[in-house]
S.K.: 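Provided herewith is a single structure, encoded as structure tokens, for subsequent inquiry.
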Amino acid sequence: MTMSAGWYLRRLSRMGPQEVGGRVGDTVRRRRWRSALPDAPDVTGARFTAVLPAGTIAAVPPDAAKRLVAEADRLMAGHAEYFGVHRDDLTDPDWWYDPKTGRRAPWGYAFDVPYRKEETVGDIKQIWELSRHQYLTVLAAAYAVTGDDRYAERVAKHLRLWWAANAPLRGVHWISGIELGIRLLSWVWIRRLLDGWPGAAALFEDNPVARKQIWHHQRWLAAFPSRGSSANNHIIAEAAGQLAAACAFAWFPSSAGWRADAMRSLDRHLRSNTFGSGLNRELATEYHGLVLELGLAAVAEADAAGLPVPATVRLVLLRMTDALAAVVDGRLRPPRQGDADDGHGLIVDGAGTDRWASLLATGGAVFGRLDWWPEVTGTDVRTPLLAALVRPYASTGPAVTRPARRPAHFADAGMTILRGPGEIWCRCDGGPHGFLSIAAHAHADALSVEVRHDGVDVLADPGTFCYHGQPEWRQYFRSTLGHNTLQWDGGDQSVSGGPFLWTRHARTRVLVADPSPGPAGGTARWCAEHDGYQRSVHRRRVELTAASRELRVVDEVRGAPGAVRLAFHLGPAVSADLTGNRALLTWTRDGEDRSAVLDLPGELSWRAHRGENHPPLGWYSAGFGRKEPATTLVGTGHADGVSGFTTVLGFSG
């Protein structure tokens with residue numbers, strides 16, 4: 001995706017003077033670094049002491065270890081899947097090859113590589129993902145639990161190949177700080193998990209090539225931090241990777257300074273990226289998970305090194321964990337809100353391990369679970385590893401008041417969860433339009449609802465699907481029409497200026513938030529409005545009545561008349577039989593047939609759409625790079641300035 005001059009002007013308009021000055025300095029520094037690459041300091045006597053405590057590996061549950069080894073064996077055979085694309089070349093990977101487009105990124109000075117131009121480089125996420133080296137942390141973990149040298153030898157071979165092929169500041173893997181930060185975190189864990197292997201020291205601390213790479217990664221991160229309007233999850237990854245490396249690989253004259261700077265950055269940006277309620281300010285759930293993973297991994301390194309951790313760092317991570325426990329449904333699935341790109345901070349588990357259950361298990365081990373937390377029944381490898389390094393919160397953190405009951409309304413984030421019998425779960429969106437001036441990972445989804453029954457998406461958030469290279473699809477999946485809300489006069493509530501840029505943000509105000517149904521058979525209520533349409537105000541009321549198992553949604557458009565489209569996106573497991581303005585919804589859960597009736601506003605003309613391409617409509621993306629047809633019900637009509645539209649979703653038995 002090539003950025004036009006207009007995009008650069010729009011992007012510049014979202015920056016403050018301090019950010020502009022910092023970016024000018026970055027530009028000057030990049031030009032200077034083109035011809036002035038310093039040598040890494042020559043260190044002697046380097047040692048790795050950040051090892052796992054004795055008995056840690058023995059605490060890994062057998063079923064989690066079994067899943068891990070199965071995944072490692074698949075990787076050893078050369079197989080992996082990234083963003084819906086299968087690779088069978090991992091025995092000898094090409095680090096610059098994109099299997100999706102068949103293109104290969106050009107070589108040259110890193111900051112000259114046009115990484116946004118898919119026609120030149122390929123899909124940059126496909127290229128970058130392998131070089132996060134998280135598949136190597138899986139292989140290293142497999143060595144740790146089995147003692148089989150084959151895994152360690154493969155890790156060593158691939159690291160040596162990568163280091164030889166990706167000299168500092170050359171090529172596509174030296175462009176983005178988040179990639180360098182996550183890669184450093186992977187290297188720390190690879191070294192830790194290979195500690196019992198005889199070749200570990202020769203691969204890392206006794207290897208001048210490895211030391212050079214580690215030093216240049218940290219020098220890069222110190223020089224080019226994400227700034228201003230870009231200081232979102234990227235700056236957390238940069239700080240976490242820098243802190244981890246400066247603690248575990250504390251071999252250089254600059255290590256102490258890097259460590260202190262990274263801790264200050266982590267503390268500052270964890271607080272700025274997180275609401276007081278504990279939800280991530282990007283309002284993109286997968287980034288909540290990524291930031292929490294990165295924060296826990298960073299604290300683990302600091303604790304292992306004996307580095308004091310500010311109380312505010314632990315407190316933010318505690319609140320993030322409690323917030324996650326509060327918003328998940330009965331199957332431990334969190335909301336599908338905002339962008340999602342399958343990014344992880346640390347991977348040491350095999351396929352089939354539940355990410356969210358793993359985070360809650362780690363949170364329980366570190367912070368202590370509360371009585372209202374949902375039960376976590378699954379197992380994982382990561383929890384015993386992190387818990388062995390992170391000091392328990394009770395011995396390190398200040399006394400805090402944690403929620404005595406499960407929170408359901410997060411006023412600062414504008415998120416309200418309504419719950420009903422039969423595991424009815426409904427998320428109502430009345431929050432800000434993303435984070436910082438560009439709201440990079442936001443969707444135009446104000447007042448949208450997301451409804452599940454026993455963990456099955458009934459009224460679904462369709463997801464993300466892509467970032468670069470397919471602008472029509474990027475636009476659709478983050479559009480107003482691409483969510484369960486109302487579109488007025490053919491436009492989005494917020495105005496997009498590019499794939500990660502919003503130039504005008506809808507402002508939303510929650511008027512009523514009463515998520516408790518009260519006595520048996522009571523009704524939970526929520527109401528909010530937004531001003532994104534400027535000449536009209538969209539107000540929505542949602543009521544969930546426990547006794548009747550009925551969800552009522554009332555939309556009002558007040559102001560200038562105009563055309564409206566009201567969309568309801570069904571989950572991929574749900575079939576719809578639409579007759580007039582009534583849809584019979586059916587699906588199967590655990591071998592049992594389920595159903596619901598969706599009575600749609602009769603004032604609108606209704607049509608079912610499924611798997612349409614021109615323009616896109618009727619799709620569901622379960623993960624980045626993947627999409628599948630799903631039914632979308634769209635009602636079209638006219639708002640006369642005082643119009644109201646009522647939708648009723650009733651669940652059977």
S.K.: When you compare the side chain of Met263 with that of Pro308, does any pair of heavy atoms fall below 4.5 Å?
M.R.: no

S.K.: What I'd like to find out is whether the side chain of Thr312 reaches to under 4.5 Å of the side chain of Arg271, using heavy atoms alone.
M.R.: yes

S.K.: State whether Trp187 and Arg192 meet the cation-pi test: NZ (Lys) or CZ (Arg) under 6.0 Å from the six-membered ring centroid, and within 45° of the perpendicular axis.
M.R.: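 Judged by the rule, Arg192 and Trp187 form no cation-pi pair.
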
S.K.: State whether a side-chain donor-acceptor pair under 3.5 Å links Ser496 with Arg478.
M.R.: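 Side-chain D/A pair, Ser496 to Arg478: present.
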
S.K.: Could you tell me if the side chain of Asp429 sits less than 4.5 Å from the side chain of Leu447, heavy atoms only?
M.R.: no

S.K.: If a pair satisfies ring pair (Phe, Tyr, Trp, His ring centres under 6.0 Å) and one of its residues is in residues 293-322, list it, with sequence neighbours excluded.
M.R.: none

S.K.: Salt bridge or not between Asp26 and Arg227? Use side-chain N to carboxylate O under 4.0 Å.
M.R.: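 Salt bridge flag = yes for Arg227 with Asp26.
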
S.K.: Between Arg47 and Glu205, does at least one N-O distance fall below 4.0 Å, as a salt bridge requires?
M.R.: no

S.K.: Looking at Trp174 versus Tyr109, is the centre-to-centre ring distance below 6.0 Å?
M.R.: no

S.K.: Can you name the residues that form a side chain to side chain contact (heavy atoms under 4.5 Å, CB included) with Ala250, not counting sequence neighbours?
M.R.: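 Here the qualifying residues are Ser255, Arg259.
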
S.K.: Do Asp339 and His443 pair up side chain to side chain, a donor and an acceptor below 3.5 Å, judged on atom types alone?
M.R.: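 Judged by distance alone, the side chains do pair up.
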
S.K.: Going by atom type alone, with no hydrogens or angles, which donor-acceptor pairs under 3.5 Å involve a side-chain atom of residues 288-300 and a protein atom two or more places apart or on another chain?
M.R.:
unit_1: His288; atom_1: ND1; unit_2: Asn280; atom_2: N; d: 3.2
unit_1: His288; atom_1: NE2; unit_2: Met320; atom_2: O; d: 3.1
unit_1: Glu293; atom_1: OE1; unit_2: Gly345; atom_2: N; d: 2.8
unit_1: Glu293; atom_1: OE1; unit_2: Arg355; atom_2: NH2; d: 3.3
unit_1: Glu293; atom_1: OE2; unit_2: Arg355; atom_2: NE; d: 2.9
unit_1: Glu293; atom_1: OE2; unit_2: Arg382; atom_2: NH1; d: 3.2

S.K.: Side-chain contact test, heavy atoms from C-beta onward, threshold under 4.5 Å: evaluate it for Leu307 versus Cys247 and give yes or no.
M.R.: yes

